[in-house]
Amino acid sequence: MMSAGDPAERSGDAEVRVVLDRVCKSFAPAGGGDRVSALQDASLTVGSGKFLALLGPSGCGKTTLLRLVDGLIQPDSGTVHVFGAPPRPGPDIGFVFQSFRLIPWAKVSRNVDFSLRDLGLTAAEREERTRRVIKMVGLTRFANAYPAALSGGMKQRVALARALAPEPKVLLMDEPFASIDAQTRELMQIELMRIWTRRRPAVLFVTHSVDEAIMLADEIALMGPSPGKVIETVPVDLERPRWTYDTHAEPRYVELRKHLSSRMRQFVLSDPASEFFGRDLGSPDAMGT
Amino acid sequence: MALLKREIAMLRDVLQSCSSAAVRTAIALRNLCKPPDSFMIAFYRIGFFALLMALWQVAATRMGSNVLPSPLATWQAAQTLVGEGQLIVAIGDSLTVYLSGFAIAIIVGVPLGVVMGGFRVLGKTLEVYVFALAATPRVAFIPLIIVLLGLGVEAKTFIVFLGALMPILINAYAGVLAADEELLEMARSVGTPRGRIFTNIVLPGAVPFIIVGLRIGATIGLINTVVAELYTAVRGLGGLLAIYGNTFRMAEYFVVVLTLAAVGVIVTESLRYIEARVSRWRDV
Ligand SMILES: Nc1ncnc2c1ncn2[C@@H]1O[C@H](COP(=O)(O)OP(=O)(O)O)[C@@H](O)[C@H]1O
Ligand SMILES: [Mg+2]
């Protein structure tokens, strides 16, 4: 078990991969004007090999939090530690972006290989690794295709393969399945679980879907908007693998789902930035009568 | 009247051989597994060509051959000009000036635009001057160029270079600046060093812009070739244009105009072909 105390201190613990402690981040809007606060006093811990879902309505700073953890941007205040030190972007931290971000003029294999260029591997090792990862996501037949020829689900597999190829110990995923159709999404979720069980990276998985969070995560960090922060952290004590039984019928699932959904609805209704601000849609009764 | 009839008959023959050639080409294209569209496009293009020829014939008949030569008269003039050799010599002269000016503009413009895009301070510093120069009519520099370089090939080449340079440079610059922010962040995220981000993400992303620049540069370069040949030592296709235009030999004049159009089409179509080759990844 982790010792209590300063989270930054705890990050020295080999079991803890990611620690955010009272992180604040604001942006200067492109058009000028006051700075927009994206995160305020956000704190979070992800243990080694743990799967943490970051659940929150859109605009509450989820993407910003992932970019901070990858070291792509720096916090205004507070500390972000990955492996006990401020993170630097690189092969130790994998990032699966919401919009795939494949290089359009490079074939699938070259897209995957792109994350292996700076690991000091020989060309043969890189080729072998690329082949293996592409096989793992089931795209061997498409290794020589250009991204334009792939469906959304396949593009996201390539992005996943690229993130996994350097065998990162921390994997950041930003709503990776949000733009994929429901059937493909469920298969992708199962596939992700299979890969995660085998490789066991610490995962920070952003989603705004309550069901997705419950099906995947060990723990759910609920984020609220304006400004973004982590409101509460809920453990998901449902047995794995969760696709082998009727998870949705479990009392714990129903309870979690009800709690998280109502919190999510509350956030949206009480967020002045939301289009639903002040509407009386908060209680289930409001719909029936 | 008899002459007119003969011309119409000639025209019909020309059109018929054109259209049968068009059908053959279109079938050949279709056999190359092109989408069926290109079959129809080729057909429409030939059809439009026939329409143009017919309009030309009608206009020529109406206006008289002193103003507008008929297609047949133009065709005969072309045969004479080719036979006597002056057209070939003129094409050679013009192409030398045109292609070397264009080539130097590429060699200078692309790297300069890319470097300006890569080093933002340099780009911001120089861009005002580049835009100012691009907005100045290049004809304004011709007297200065003549004073500096004389009336020969060097001056002509420089005029072509100056015209083609700006669109090539500005498009290369814009292409680098338009690099996809999301891809750049992805590359940074996997730990790609800056230099490789530039060569693997920024430059390939700028290629479509650069090719647009080359196409505009090619067109302006051709215009400037003619301008240069009119303003400096009268030679090449521009020179023939001046000679036949001033002496009202309209059939010969038309041959030169059509030759220039053909050169323009060949160069821009070649660039389009190159563009299709380098952007094959767009095809599904
Ligand atoms: N680069 C940026 N520049 C300006 N504002 C930004 C930037 N990134 C995020 N924001 C703002 O910060 C807030 C949180 O954004 P984001 O982290 O993308 O939220 P989420 O991923 O939860 O939808 C939003 O209000 C957004 O407009
Ligand atoms: Mg987001």
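Predicted, not measured: the structure shown is a model, and the values here were computed from it.
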| message | Which label fits A/Phe205 and A/Phe51: parallel for a plane angle under 30°, tilted from 30 to 60°, or perpendicular past 60°? | response | tilted
| message | Report which part of B/Asp180 has an atom under 4.5 Å of a heavy atom belonging to chain A: side chain, backbone, both, or neither. | response | neither
| query | Does any non-hydrogen side-chain atom of B/Thr96 lie less than 4.5 Å from one of B/Lys156? | reply | no
| said: Does any backbone or side-chain atom of A/Arg88 lie under 4.5 Å from a heavy atom of chain B? Answer side chain, backbone, both or neither. | reply: neither
| Side chain, backbone, both or neither of A/Phe97 within contact of chain B (heavy atoms, under 4.5 Å) | side chain
| query | Among A/Asp70, A/Leu119, A/Asp92, A/Asp118, who wins on heavy-atom pairs under 4.5 Å with chain B? | reply | A/Asp118
| Donor-acceptor under 3.5 Å (B/Arg215 side chain, B/Thr268 main chain) | no
| What heavy-atom pair brings A/Leu102 and A/Ala159 nearest, and what distance separates the two atoms? | CD2-N, 3.9 Å
